[in-house]
Amino acid sequence: MALFLRQDDERSELQKRIAAELREKSKSKALTESADRPDGVDDSRYIEGTKQTTSLAWVWVLIIIFAIGAALWIITRGMT
């Protein structure tokens, strides 16, 4: 037996109060955590000296796949 509520019913006072408390809690949490988050400018020193991937990266992927295939072929040929 289910209880059906009409769609035009508004929130109860308890629901409104809980929603307001959750909004305030999330706002305060966002404000306190924003100071702890890296801004992406000062903390990006680890990226210095690196290069962007070139358009020929797919060639390295093919070479690795070929090498793995060759190694598997050699291993399976040696077992027979």
Side-chain angles (χ1 to χ4, degrees):
M1 307 211 181
L3 174 64
F4 293 100
L5 298 175
R6 293 185 348 200
Q7 292 296 323
D8 58 349
D9 287 342
E10 292 187 19
R11 291 182 173 178
S12 68
E13 291 298 318
L14 178 62
Q15 289 173 325
K16 289 178 185 177
R17 189 174 61 200
I18 290 173
E21 288 176 4
L22 288 174
R23 273 194 304 272
E24 288 300 318
K25 187 183 281 188
S26 68
K27 284 181 187 176
S28 66
K29 187 176 180 181
L31 289 175
T32 58
E33 288 182 354
S34 65
D36 298 337
R37 293 183 189 161
D39 59 356
V41 175
D42 296 333
D43 301 330
S44 63
R45 298 199 78 183
Y46 69 93
I47 238 169
E48 289 179 6
T50 60
K51 295 189 297 184
Q52 188 173 7
T53 305
T54 64
S55 61
L56 294 176
W58 61 272
V59 173
W60 286 108
V61 172
L62 289 177
I63 291 171
I64 291 170
I65 290 173
F66 180 74
I68 291 172
L72 288 174
W73 182 74
I74 290 171
I75 291 170
T76 55
R77 288 282 283 177
M79 291 187 167
T80 57

Query raised in the report: Glu21 and side-chain contact (heavy atoms from CB on, under 4.5 Å): which partner among Glu24, Arg23, Arg17?
Result: Arg17
Query raised in the report: What pair of heavy atoms forms the shortest contact from Ser12 to Gln15, and how long is it?
Result: N-OE1, 3.0 Å
Any link between [X] and [Y] through a network of hydrophobic side chains (Ile, Leu, Val, Met, Phe, Trp, Tyr) touching at under 4.5 Å?
X: Leu72; Y: Ile74; answer: no
X: Ile63; Y: Phe66; answer: no
X: Trp58; Y: Ile64; answer: no

Query raised in the report: What distance separates Ile18 CD1 from Lys25 NZ, expressed to the nearest 0.5 Å?
Result: 11.0 Å
Report task. State the CD-NZ distance between Glu13 and Lys16, to the nearest 0.5 angstrom. Result -> 5.0 Å
